[in-house]
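Take a look at the structure set out below.
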Amino acid sequence: MTAPTNTTPSPYSPGDSDSGTTLHPPVIAWFDSHARDLPWRRPEAGPWGVMVSEFMLQQTPVNRVLPVYEQWLRRWPRPADLAQEPPGEAVRAWGRLGYPRRALRLHGAAVAITERHGGDVPEDHAQLLALPGIGEYTAAAVASFAYGQRHAVLDTNVRRVLARAVTGTQFPPNATTAAERKLARALLPDDERTASRWAAASMELGALVCTAKNETCHRCPIATQCAWRLAGKPPHDGPARRGQTYAGTDRQVRGKLLAVLRESVAPVPQSVLDRVWDEPVQRARALDGLVADGLVEPLPNGLYRLPLT
DNA sequence: AAGTCGTGGCT
DNA sequence: TAGCCAAGACT
């Protein structure tokens with residue numbers, strides 16, 4: 001390709017708004033032959049299955065989600081089925097997926113869907129965004145994956161793929177920037193069907209090939225046009241992501257407390273909860289936090305249980 | 001807008 | 001081993 005000599009920009013200059021036209025076909029073709037057969041991608045999953053999977057997959061690996069997802073949808077095949085349960089049952093069924101407030105929010109979303117949307121997961125992005133536990137990413141993901149709409153689906157995988165393939169950096173910024181949103185929108189294929197396939201395909205590429213560590217460029221369908229690779233894979237120079245320490249934190253104590261409560265249908269005496277952690281101040285703070293979050297319901301006589309309301 | 005919020009596998 | 005990392009949301 002020769003450089004343009006007139007005012008017409010090259011259709012394929014790297015990083016411009018047209019670079020998507022060279023990215024979409026190979027990535028989508030790769031997806032068609034390499035996509036994992038995940039239950040929420042099957043037609044029978046429906047919008048509710050897609051939505052449940054998106055909640056569970058927030059910060060949690062696919063392999064850990066799979067069994068809980070299957071059990072969840074068998075028990076609550078529609079939003080209304082979950083909505084009529086106490087929120088504590090959602091927390092219990094959440095098991096050890098982590099971040100149990102997601103279970104509470106998913107229950108709250110099911111209630112809202114039942115009350116406001118006749119029991120059907122809404123198609124409208126703004127209505128999805130208004131549901132508890134649904135942010136910009138999840139609203140776009142449900143609208144795109146469940147309803148085939150055209151949205152920029154900007155999760156950590158897509159952000160990394162775009163950072164490398166287009167921007168030429170090893171990792172995206174810590175927090176999603178306006179520039180990233182603009183780029184993702186500019187790269188969005190024009191028609192709905194292609195856009196939704198691109199969303200799923202670029203995400204899968206980040207999950208399977210263009211991974212955070214040990215990326216496998218020899219399996220990448222766009223390796224030959226990847227800006228980061230063409231630049232010699234310069235290492236990340238920005239601020240390192242803040243490490244998540246866990247041992248000894250309130251989060252660990254909360255996890256231990258909730259694990260006890262999940263195992264017991266009957267209310268649990270405080271004396272039993274006291275055994276999960278030695279340090280009384282931190283222990284009390286963690287329990288108070290769980291109550292404040294609505295994950296634990298305090299009863300008279302120093303008893304605690306998962307919330308019935 | 002920087003902190004908080006679980007859990008477990010992997011290197 | 002001790003971090004690092006995994007389809008974020010919320011405040």
Side-chain angles (χ1 to χ4, degrees), chain A residues 31 35-36 38-41 45 49-69 91 94-106 108-109 128-146 151-161 170-178 180 184 196 199-208 210-215 236 239-262 276 282 285-286 288-290 292-296:
Chain A
F31 183 67
R36 292 168 290 180
L38 300 171
W40 44 86
R41 285 179 178 162
V50 171
M51 181 173 147
V52 169
S53 78
E54 291 302 335
F55 270 76
M56 293 182 173
L57 288 165
Q58 291 169 2
Q59 303 286 284
T60 303
V62 165
N63 288 332
R64 201 175 309 160
V65 165
L66 283 169
V68 183
Y69 171 87
V91 174
W94 197 254
R96 306 189 68 79
L97 285 182
Y99 293 144
R101 291 189 291 192
R102 292 181 293 166
L104 227 42
R105 291 168 183 158
L106 180 52
L128 287 166
L129 197 55
L131 296 172
I134 296 194
E136 185 178 335
Y137 160 75
T138 303
V142 172
S144 180
F145 301 155
H151 292 283
V153 180
L154 207 50
D155 81 320
T156 185
N157 290 306
V158 175
R159 294 180 62 215
R160 188 172 54 248
V161 168
Q170 186 178 20
F171 297 117
N174 283 333
T176 306
T177 63
E180 287 182 274
S196 62
S202 55
M203 189 175 311
E204 188 79 336
L205 186 63
L208 298 183
C210 193
T211 48
K213 358 173 74 169
N214 306 123
E215 70 279 358
H236 187 62
R241 196 154 66 155
R242 217 171 43 81
Q244 340 167 305
T245 55
Y246 181 65
T249 62
D250 287 6
R251 295 160 77 177
Q252 184 183 22
V253 184
R254 287 167 58 108
K256 287 178 175 294
L257 290 170
L258 210 55
V260 172
L261 292 166
R262 274 198 311 263
V276 309
Q282 186 178 27
R285 184 172 66 233
D288 286 349
L290 288 170
D293 288 345
L295 285 163
V296 172

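Note on naming: letters A, B, ... go to the chains in the order of the sequence lines (proteins, then strands), and numbering restarts at 1 for each one.
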Problem set entry | Where protein sits on nucleotides 5-11 of chain B, one letter per nucleotide: B base, S sugar-phosphate only, - none, heavy atoms under 4.0 Å | BBBB---
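- No engagement by Trp94(A) is indicated, since no non-hydrogen atom pair under 4.0 Å with the nucleic acid exists.
- Between the side chain of Arg285(A) and the main chain of Asp250(A), no donor-acceptor pair closer than 3.5 Å is present.
- Counting only distance, with no hydrogens or angles, the side chain of Glu180(A) and the backbone of Thr177(A) share a donor-acceptor pair below 3.5 Å.
- Arg101(A) places no side-chain N or O within 3.5 Å of a backbone atom of Asp293(A) that could act as its donor or acceptor partner.
- Going from atom CG of Asn174(A) over to atom C1' of dG8(C) covers 14 Å, rounded to whole Å.
- Residue Leu38(A) is classed as a base contact, given a heavy-atom separation below 4.0 Å to a base.
- Judged by distance alone, the side chain of Gln282(A) and the main-chain N or O of Gly248(A) form a donor-acceptor pair under 3.5 Å.
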Exercise. Which is it for Gln58(A) and Tyr99(A) under the side chain to side chain contact (heavy atoms under 4.5 Å, CB included) test, yes or no, and what are the steps along the way?
Worked result: CA-CA 9 Å; Gln58(A) 291 169 2; Tyr99(A) 293 144; over 6 Å; no
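- Nucleotide dA7(C) holds its C1' atom 15 Å from the CE atom of Met51(A), rounded to whole Å.
- Between Leu257(A) and Val296(A), every side-chain heavy-atom pair lies at or beyond the 4.5 Å cut-off.
- The backbone N or O of Arg96(A) lies less than 3.5 Å from no partner atom in the side chain of Arg64(A), so there is not a single donor-acceptor pair.
- The separation between Leu208(A) atom CG and dC5(C) atom C1' is 15 Å, rounded to whole Å.
- Note: CG (Leu106(A)) to C1' (dA9(C)) measures 13 Å, nearest angstrom.
- At the phosphate of dA6(C), OP1 or OP2 sits under 4.0 Å from a side-chain N or O atom of Arg160(A).
- Rounded to an integer number of Å, the gap from CZ of Arg105(A) to P of dT11(C) is 7 Å.
- For the pair Leu131(A) and Phe171(A), both in contact range of DNA chain C, the more 5′-proximal nearest nucleotide belongs to Phe171(A).
- Atom-to-atom, CG of Asp288(A) to P of dT4(B) comes out at 17 Å; the value is rounded to the nearest Å.
- Separating the OH atom of Tyr69(A) from the P atom of dA7(C) is a distance of 18 Å, rounded to the nearest angstrom.
- Thr138(A) has a side-chain polar atom (N or O) that falls below the 4.0 Å cut-off from OP1 or OP2 of dA9(C).
- Using a 4.0 Å heavy-atom distance criterion, Ala141(A) is classed as making no nucleic acid contact.
- dT11(C) sits 14 Å from dG6(B) when the P atoms are compared, rounded to a whole Å.
- dA7(C) and dG3(B): their P atoms are spaced 23 Å apart (whole Å).
- Across the protein-nucleic acid pair, Asn157(A) atom CG and dA6(C) atom C1' stand 9 Å apart, rounded to whole Å.
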